[in-house]
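A quick write-up on the structure given underneath.
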Amino acid sequence: MDRLYRIAAGPARFQGRRFPRPPTASTMIPLWSPSMSWITVKSAFKSPVGTSVTIKGWVRTNRESKADGGLCFLAVSDGTCFDPIQCVVKGGGSSAVANFAEVQKLTTGCSVEVDGEIVASQGKGQAVEVLVDATKGGAVRIIGLVENPDTYPVANKRHTFEYLREQAHLRVRTNTFGAVARVRHTLSMAMHRFFHERDFFYVHTPIITASDCEGAGQMFRVSTLDMCNPPRMGEGAEAAKKEGTEASRHQGTREGGSAPSAVDYSHDFFGKEAHLTVSGQLNVETYCSALSRVYTFGPTFRAENSNTSRHLAEFWMIEPEVAFADLKADALLAEDFIKYLINAVLTERPDDMKFFDERIETGLLKRLGDVLDKPFRHLPYTEAIRILEQAIAKGQKFEYPVKWGTDLQSEHERYLTEQHFKQPVVLMNYPKQIKAFYMRLNDAGTDGAPGDTVAAMDVLVPAVGEIIGGSQREERLDVLDRRIEEMKLPVKEYWWYRDLRRYGTVPHAGFGLGFERAMMFLTGMQNVRDVIPFPRTPKSAEF
RNA sequence: UCCCCGAUAGCUCAAUGGUAGAGCGACCGGCUGUUAACCGGUAGGUUCUAGGUUCGAGUCCUAGUCGGGGAGCCA
């Protein structure tokens, strides 16, 4: 400890023993202090006029002028805020920096270190700028040039998002993707803060799962077996070994002859089949049954062949779980959560949000403000069906029929949230046959439903659609077992999940919020591939 | 996975089956406390891949690859 921190006060005593006093914010002297030698562009903007500063960053644009015997206007960004800072580099007389000829040749993307003075700007477009005058110690040190500016992938001009996706390693240097990155960070922090402030504990649920019981779509296999010659079950094992790769080559064509027997996963790394997780919920429920309020936030994997602007093979999901909570409480938590996130990005990243409002989605700020103003509309599924049927009777056209007991289609959800209510809608109490086994069975006739319903909820928001899916969980072992049986699931696999209902079961509820969908909702970005740094989609895992 | 659309200069897009074009960007010059600058000039192409039709294919046909929009699945 004393190697890292200088201890300001003497040793403390705890139960009679001497301990170094734990460092506090006021006694910690940071070892890593870049502000000693340079400051961020963000803090340069906040520095008073007259301050000598050094900044480091990348050139966004370089404009030249013949005024004052020669000037270069370097817009330099270090990503710490939306705006680059303008550095006015002198090129005439004794004020000229020594390497002015090189500075003139700087192009978009070059990295530089600039010494100068914060001054009030003479031009329009910025309040302050960095004056680089050699007589006042001003200098520009070139750190890295852009070789062949003609082919620099993110030249200073408009690019389509489709093109920039192919330049994912450089796209974060653009206005849009820099803003996305900062808002994404802000959203992560706000999300943790929201739960932390409400006594939730962050639980790291596993990425690899060996239980095939999560049941939320196709999974990616995790294996260390030799794909060309995997061990086989029973007698087939010997045959497969003899035939070598021949056997596996015929795996796909199971016609005639002896089909190779199933792969013996007892020889695999975990001794059984393993996959990447599709949800942390079942695991987090175990911690909920001891810590009361928990959440998990991590990557989630779906091997579905989904080719849409709203799906990724690898995405991040936030899943809170609350003990002693019912569906109503769950819905209110979800609403508080979404509003907290909106407020956080609006107050913490006003520069980026202004940009999204002006260039990405006109009216974004108003849309988000409207969501903050009104309570979410709660609506039973059964009532939603009635509204949709009435809409059809009045002439509204849908591609898919509306019928109690079937899932609502995207077009139905969009109608409800974008046209009928024009605000976020929480749909509740869905027919049991279209929802997962762990959702709590409602009493017969809840909301006047003609069939059995479960305590499920979906939060639908304009422009994005389903952003949250959640439910009250089935805490009654006998009812849970009946549901597992009805859905023909392997009850043995759920032994530890069932244990939670055997030993001190409690009502509990939770939801899952797709982090990238929240990003789309908050930024107005229309493609999920543009709100995650390195998107993974079918046929695409570059970078 | 299904339906529709697309792939031509670094980028965005034109080009009736008959010599490959523009804007932006880059480079050079002019002008300017500039800032989506402006004006003039220069360079830049195996038209996604493989077949096919044709005297002749960027253009028509077949297959494939990749990309986009929509749908399903969902978050």
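Hydrogens, waters and symmetry mates are skipped; everything else that's a heavy atom, side chains included, is used. A, B, ... follow the sequence lines: proteins, then strands. Residue 1 opens every chain.
Figure legend: cation-pi geometry between A/R198 and A/F194, with NZ or CZ positioned under 6.0 Å from the six-membered ring centre and within 45° of its axis.
Between A/S121 and B/G33 there is no side-chain polar atom (N or O) within less than 4.0 angstrom of OP1 or OP2. Contact between the side-chain N/O atoms of A/Q86 and the OP1/OP2 oxygens of B/U34 is not found at any separation under 4.0 Å. Within the 4.0 Å cut-off from OP1 or OP2 of B/G70, not a single side-chain nitrogen or oxygen of A/R310 is found. Under 4.0 angstrom from either OP1 or OP2 of B/G72 there lies at least one side-chain N or O belonging to A/S410. Listed pair A/S306 / B/C74 fails the phosphate criterion, with no side-chain N or O lying under 4.0 Å from OP1 or OP2. Using a 4.0 Å cut-off, some side-chain N or O of A/R414 falls inside it from OP1 or OP2 of B/A71.
Both A/N156 and A/R529 lie near RNA chain B, and the one whose nearest nucleotide falls closer to the 5' end is A/N156. Residues A/P153 and A/K435 each lie close to RNA chain B; by heavy-atom proximity, the contact nearer the 5' end of the strand is made by A/P153.
Closest approach to the A/E129 side chain among B/G33, B/A71, B/G25 is made by B/G33 (side chain taken as heavy atoms from C-beta onward).
Nucleotide B/A7 has B/U65 as its partner under the Watson-Crick or G-U criteria, with both atom distances under 3.5 Å. With both pairing distances under 3.5 Å, B/C31 is matched to nothing as a Watson-Crick or G-U wobble pair.
Put simply, the side chain of A/K539 and the base of B/C66 share no donor and acceptor less than 3.5 Å apart. In the interface, the side chain of A/D150 is not paired with the base of B/G44 through any donor and acceptor atom under 3.5 Å apart.
Judged by centroid separation below 5.5 Å and plane tilt below 30°, A/F73 does not stack onto the base of B/G33.
Side-chain rings of A/F297 and A/F195 stay apart, their centers remaining 6.0 Å or farther from each other. A/H412 has its ring centre no less than 6.0 Å from the ring centre of A/Y400. Aromatic ring centres of A/F301 and A/H275 lie farther apart than the 6.0 Å criterion allows.
For the residue pair A/R184/A/T186, the side-chain donor-acceptor check at 3.5 Å is not satisfied.
Rounded to whole Å, atom P of B/G30 lies 11 Å from atom CD of A/Q104. Protein atom OH of A/Y163 is 15 Å distant from nucleotide atom P of B/G68, rounded to whole Å.
As judged by a 4.0 angstrom heavy-atom cut-off over every strand, A/Q409 is placed among residues touching the sugar-phosphate backbone only.
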